[in-house]
Amino acid sequence: MIAASVSGGTVCLRCRLRLLRHLRQSTQPFQTSNRNRILKDRQPSLRYFASESTARLAVQTASGEGRDESRGSQNEAQGRKPRGDKEYGFKRSSSRKRLSGTRVLSEGVEGLNSAILGKPGHVIVLRDHGLFQKKNPLPRLENVQDGSTSRPTIDIEALLDNQRRAPTAEEVRENINDLRPKTDTILPEREFLKLQTTLIDGFLSVQLMAYLEHHKQDSLHRETLQNNSKPVEGAEQASQYDWIRKISPWIPLGDQQGIADGTDPSLYGYVTDSATAKAKFAVRIMRECWGLSIAELSAGLGETRIKIRNSEFLLLMRGTQRWVNVMSKIWLDPDEKIEAFRNQKTLRLVTTKTKASILIRSLDETLKQITTKSIPVELVTSEPIDGAVLEELGRITNTHLKISPSYNRLHVTWLEAGTLASDGLEDTREAVFRLLLTALKPRQVASRLSVVGFVDGRNGRFVTDTTSKEKLGWKDRMGQWARYMLPLGPAEDTSRTASPLRRLPLPIEPQTEVSGRTSNFDEDKEFLPETQFPAHPVKWAEGLKTATEAQFGYLLHANEPTTPPPPMPQLLTANHPRLFLPATPHPVHLAKFEMSDKSALVLPKSTVVIHFWPAPVLGSAKRDTRKKNLVPQASALSAPILELRLAVAGRLVTGVESLRAIKQVHVTDVMVPTSPIDLRFTQTQYTFLEGGPASLDTWQPIADFLKPARLDLASGTQFEVPPHQRFPIPRRLFSAPFTSTDADADGDKVISVQYTFVGLEVHRAVSIPYEGCQLTYTSVDGGRGGRRCAQVSLEPAFSGSDSFNVEANADKLQDSFLSACQKLAETDNLWSNYPSIRKFTSS
């Protein structure tokens with residue numbers, strides 16, 4: 001390296017020593033009369049401060065002028081005129097020099113041996129003397145006067161000592177830092193390569209390597225002062241994000257086959273395998289220390305890898321990976337992508353350099369919205385919660401679920417996507433709570449299991465269902481379920497072994513309109529004025545109705561693949577876990593029923609069914625029952641289940657259809673192991689809210705719930721509703737008895753009950769008559785965590801008049817309904833398409 005403090009940095013040391021010796025001689029005392037001679041002697045010293053081309057030009061010019069002067073004086077002494085005008089017929093002009101761009105040109109006139117237009121011919125000649133270079137001036141001799149001497153103001157010994165002394169490490173680093181661009185970090189390729197060449201030609205390899213080591217040590221020292229126990233590796237801009245464990249610099253995606261293994265990723269696209277070690281040092285300084293990049297490379301595609309902290313990465317990868325999908329739709333072009341490596345907790349961004357920075361900032365803003373809330377475990381279950389259940393629920397709800405060390409609270413962590421909580425709508429914590437409540441603490445219903453067509457002495461077996469998981473609830477999808485089936489011989493017929501269905505425990509009533517839109521009510525039966533709800537022209541119906549529905553499908557039992565089924569008597573009496581999976585025949589077969597009855601008018605109907613359960617309370621909670629019309633704690637869960645049905649036209653909700661209070665549900669499951677179809681009968685005792693068409697929509701509890709709700713049926717079953725709502729319920733609808741004091745109270749007295757929203761389903765149904773009953777094909781969409789299925793059900797037909805006597809015709813209704821259900825179940829071509837497909841040989 002050449003010290004920057006020495007003038008004339010391009011002159012070698014040998015020439016400088018010759019220059020110094022000449023300066024000493026030229027500064028000796030001299031007489032004023034010899035001034036011209038001394039100045040003339042100084043003229044050759046100028047050659048040492050010029051470049052090679054300009055020095056040669058000066059010597060040639062000086063010698064040419066000297067020859068001209070000597071020739072002129074000789075001519076004068078001999079009394080002859082100089083040649084030129086007379087001999088060659090032109091006037092020679094003295095040459096002059098001028099600059100043309102960066103080159104030195106001399107202009108002259110040369111004569112021709114021929115005449116042009118009767119006159120001697122001549123031409124103008126331009127001679128090129130090379131590139132123009134500034135001359136290094138000599139130190140000026142000041143105070144030079146007649147009869148006096150002076151020495152130049154230069155310390156020769158200090159100059160020689162400075163040349164012999166090696167530069168210090170601080171001086172080298174300062175000189176390298178002087179080359180660093182002050183503002184721009186993205187340079188054109190031409191400027192980048194020029195700066196790289198300057199570093200390579202101006203410094204030694206050891207000096208460049210020492211600069212890199214000093215920068216690395218300085219960075220570690222700064223991180224230690226900031227108490228960063230786990231420093232972030234990679235770009236300096238990423239050190240401000242505490243959720244990043246490691247980030248690689250953005251590197252272009254170009255052909256990297258020419259890069260040797262083990263090469264720093266920051267050098268991809270900037271060096272090749274054939275590059276020297278010194279060239280790599282120079283590029284590393286520009287990339288790692290100065291953060292410089294080439295504009296042409298930054299405008300193309302590249303990649304950066306971000307290793308994220310475990311807790312944040314789990315939230316990003318939960319369920320639908322909402323952030324990845326949203327960012328891909330907003331920012332990424334067709335060739336760009338975001339990849340996730342779960343085992344490495346790493347995101348790979350394949351974008352331009354500008355977009356990579358934008359995505360990192362967007363990810364930081366998203367991770368700042370992390371919210372954590374807790375749920376008392378006692379509200380949903382008294383048993384330990386399986387870790388697999390929490391993992392599956394976290395996947396569905398895009399949350400991270402963790403049980404506290406004391407096992408009394410469940411911590412729910414999620415990325416907040418909006419301000420639903422401030423609007424009074426259900427947030428993610430409430431969604432997790434209702435899904436756990438319905439899965440781990442289902443409502444108790446009366447159930448009975450029977451079998452039809454079983455052949456004594458023949459053992460059946462479990463046939464595992466593996467293709468209908470989407471028809472089940474979220475927790476049921478995690479289990480193994482199988483249907484109990486009985487093998488048949490080739491010549492056996494199931495109709496010979498079938499027996500009549502047993503009677504149902506509750507009477508069967510014909511269907512009636514339960515929309516509640518009637519004005520026949522007693523004004524004295526309005527809600528009491530002392531309740532917190534104002535009086536409205538609505539009231540709960542006095543009596544209870546029974547709705548009976550038969551569903552067709554598969555009765556599935558909990559099953560371990562390696563465990564054989566128990567004997568039939570034990571299977572019927574044991575409380576074996578089971579569920580019902582709906583099945584549907586092909587729509588072509590259903591259309592045949594419509595064609596057989598020409599008078600039938602088939603109209604589709606869409607309904608939104610919203611389910612409410614009484615809000616659970618902690619066993620240790622103390623409720624203030626001194627307030628009027630609050631349900632006592634012991635009877636809180638004995639309140640009826642509520643079903644709010646909304647009428648739908650197209651994709652829009654048009655109003656309230658009905659509000660049902662379900663007091664009791666009885667389920668009768670019928671196994672038919674020799675048939676492809678089992679049956680489930682569901683009988684529901686309920687009452688409904690009576691009132692005019694406008695009264696139901698404006699009733700305060702319903703209006704308070706529906707006003708802030710957001711129901712989007714156009715893009716699927718997406719809903720945002722309040723998590724809780726209070727409803728006034730008459731005492732007579734509670735299933736559990738009150739205390740002795742409350743038992744004597746009026747059954748129509750209204751109790752204010754806090755209800756929890758537990759789910760929403762969209763039903764789209766088509767009904768046709770069948771054997772004096774109503775056959776309905778229904779498509780059910782339960783949204784996130786709910787079931788999605790199609791089902792076929794059979795219900796009693798509507799009564800012809802209000803004067804129909806149910807008690808007198810109870811046995812007749814039951815027999816005709818059960819006969820229609822059995823006939824539909826035994827129609828082979830309806831369920832299996834071929835009569836013999838369900839007969840197989842026992843092995």
Side-chain angles (χ1 to χ4, degrees), residues 445-448 450 452 500-518 541 543-553 580 582-585 590 593-594 596-597 599-605 607 609 643 645 657-658 660-670 672 677-688 763-778 780 790-827 830:
V445 297
S447 63
R448 186 180 69 181
S450 62
V452 173
L501 299 176
R502 294 175 57 184
R503 289 184 177 272
L504 302 178
L506 299 179
I508 295 179
E509 300 177 3
Q511 294 188 72
T512 58
E513 292 290 344
V514 293
S515 62
R517 295 179 179 271
T518 176
L544 294 176
K545 292 184 174 294
T546 301
T548 304
E549 181 185 45
Q551 294 181 338
F552 303 86
F580 191 78
T584 57
L590 294 178
F593 296 123
E594 178 189 1
S596 62
D597 190 350
S599 62
L601 180 62
V602 179
L603 294 177
K605 180 182 178 181
T607 308
V609 183
E643 277 189 3
R645 294 175 177 263
E657 182 179 292
S658 66
R660 296 183 179 187
I662 300 174
K663 186 176 182 178
Q664 182 183 1
V665 178
H666 197 287
V667 175
T668 300
D669 290 329
V670 180
V672 190
I677 290 297
D678 298 322
L679 291 91
R680 165 168 284 189
F681 295 94
T682 304
Q683 292 185 289
T684 305
Q685 282 189 334
Y686 68 95
T687 187
F688 58 93
H763 292 189
R764 295 180 173 89
V766 177
S767 298
I768 57 176
Y770 176 80
E771 297 293 330
C773 301
Q774 180 174 283
L775 183 64
T776 304
Y777 180 93
T778 306
V780 181
Q791 62 185 23
V792 171
S793 60
L794 196 63
E795 298 174 286
F798 285 91
S799 60
S801 62
D802 297 337
S803 61
F804 182 82
N805 192 342
V806 177
E807 296 181 359
N809 299 277
D811 295 340
K812 182 179 179 180
L813 286 174
Q814 182 120 202
D815 293 340
S816 62
F817 178 71
L818 294 178
S819 176
C821 293
Q822 189 167 7
K823 179 180 179 180
L824 183 63
E826 293 179 353
T827 305
L830 183 64

Got [X] and [Y] here, is their nearest side-chain heavy-atom distance under 4.5 Å?
X      : Y      : result
Leu506 : Gln685 : yes
Tyr777 : Pro585 : no
Ser447 : Thr668 : no
Leu818 : Leu504 : yes
Gln683 : Val665 : no
Ser450 : Asp669 : no
Leu501 : Val670 : yes
Pro604 : Arg764 : no

Chi angles and distances behind the side-chain contact (heavy atoms from CB on, under 4.5 Å) call for Lys663, Leu544: CA-CA 9 Å; Lys663 186 176 182 178; Leu544 294 176; 3.9 Å; yes
[X]: partners by side chain to side chain donor-acceptor pair (under 3.5 Å), with sequence neighbours left out:
X      : result
His763 : Glu761
Glu549 : Ser793
Thr687 : none

Which residues share a salt bridge (charged side-chain N to carboxylate O under 4.0 Å, His left out) with Glu795, sequence neighbours left out: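 Applying salt bridge (charged side-chain N to carboxylate O under 4.0 Å, His left out) to Glu795 gives none.
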Test salt bridge (charged side-chain N to carboxylate O under 4.0 Å, His left out) applied to Arg503 - qualifying residues, sequence neighbours left out: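 With sequence neighbours excluded, Arg503 shows a salt bridge (charged side-chain N to carboxylate O under 4.0 Å, His left out) to Asp811, Asp815, given in chain and number order.
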Excluding sequence neighbours, so at least two apart, what forms side-chain contact (heavy atoms from CB on, under 4.5 Å) with [X]?
X      : answer
Ala765 : Thr776, Thr778
Glu771 : Ala820, Lys823
Ser819 : none

Closest heavy-atom pair and its distance - Tyr686, Ala547: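 Closest approach of Tyr686 to Ala547: CE2-CB, 3.7 Å.
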Closest non-hydrogen atom pair, Pro796 against Thr548: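 For Pro796 and Thr548, the tightest heavy-atom pair comes out as CD-O, 3.3 Å.
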All ring-ring contact (aromatic ring centres under 6.0 Å, His included) counterparts of Phe817, not counting sequence neighbours: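 Once residues adjacent in sequence are excluded, Phe817 has no partner under the ring-ring contact (aromatic ring centres under 6.0 Å, His included) criterion.
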Partner residues of Phe580 under the ring-ring contact (aromatic ring centres under 6.0 Å, His included) criterion, sequence neighbours left out: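 With neighbours one apart ignored, the set is empty.
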Between [atom1] on residue [X] and [atom2] on residue [Y], distance to nearest 0.5 Å:
X      : Y      : atom1 : atom2 : result
Leu775 : Cys821 : CG    : SG    : 10.0 Å
Thr827 : Phe552 : OG1   : CZ    : 9.0 Å
Ile677 : Gln551 : CD1   : CD    : 12.0 Å
Tyr770 : Leu794 : OH    : CG    : 7.5 Å

Under 3.5 Å donor-acceptor, Asp678 side chain and Val672 backbone: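 Side chain of Asp678 to backbone of Val672: a pair is present.
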Aromatic Phe688 / basic Arg660 pairing, under 6.0 angstrom, 45° off normal: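 Judged by the rule (NZ or CZ under 6.0 Å from the ring centre, within 45° of its axis), Arg660 is not positioned above Phe688.
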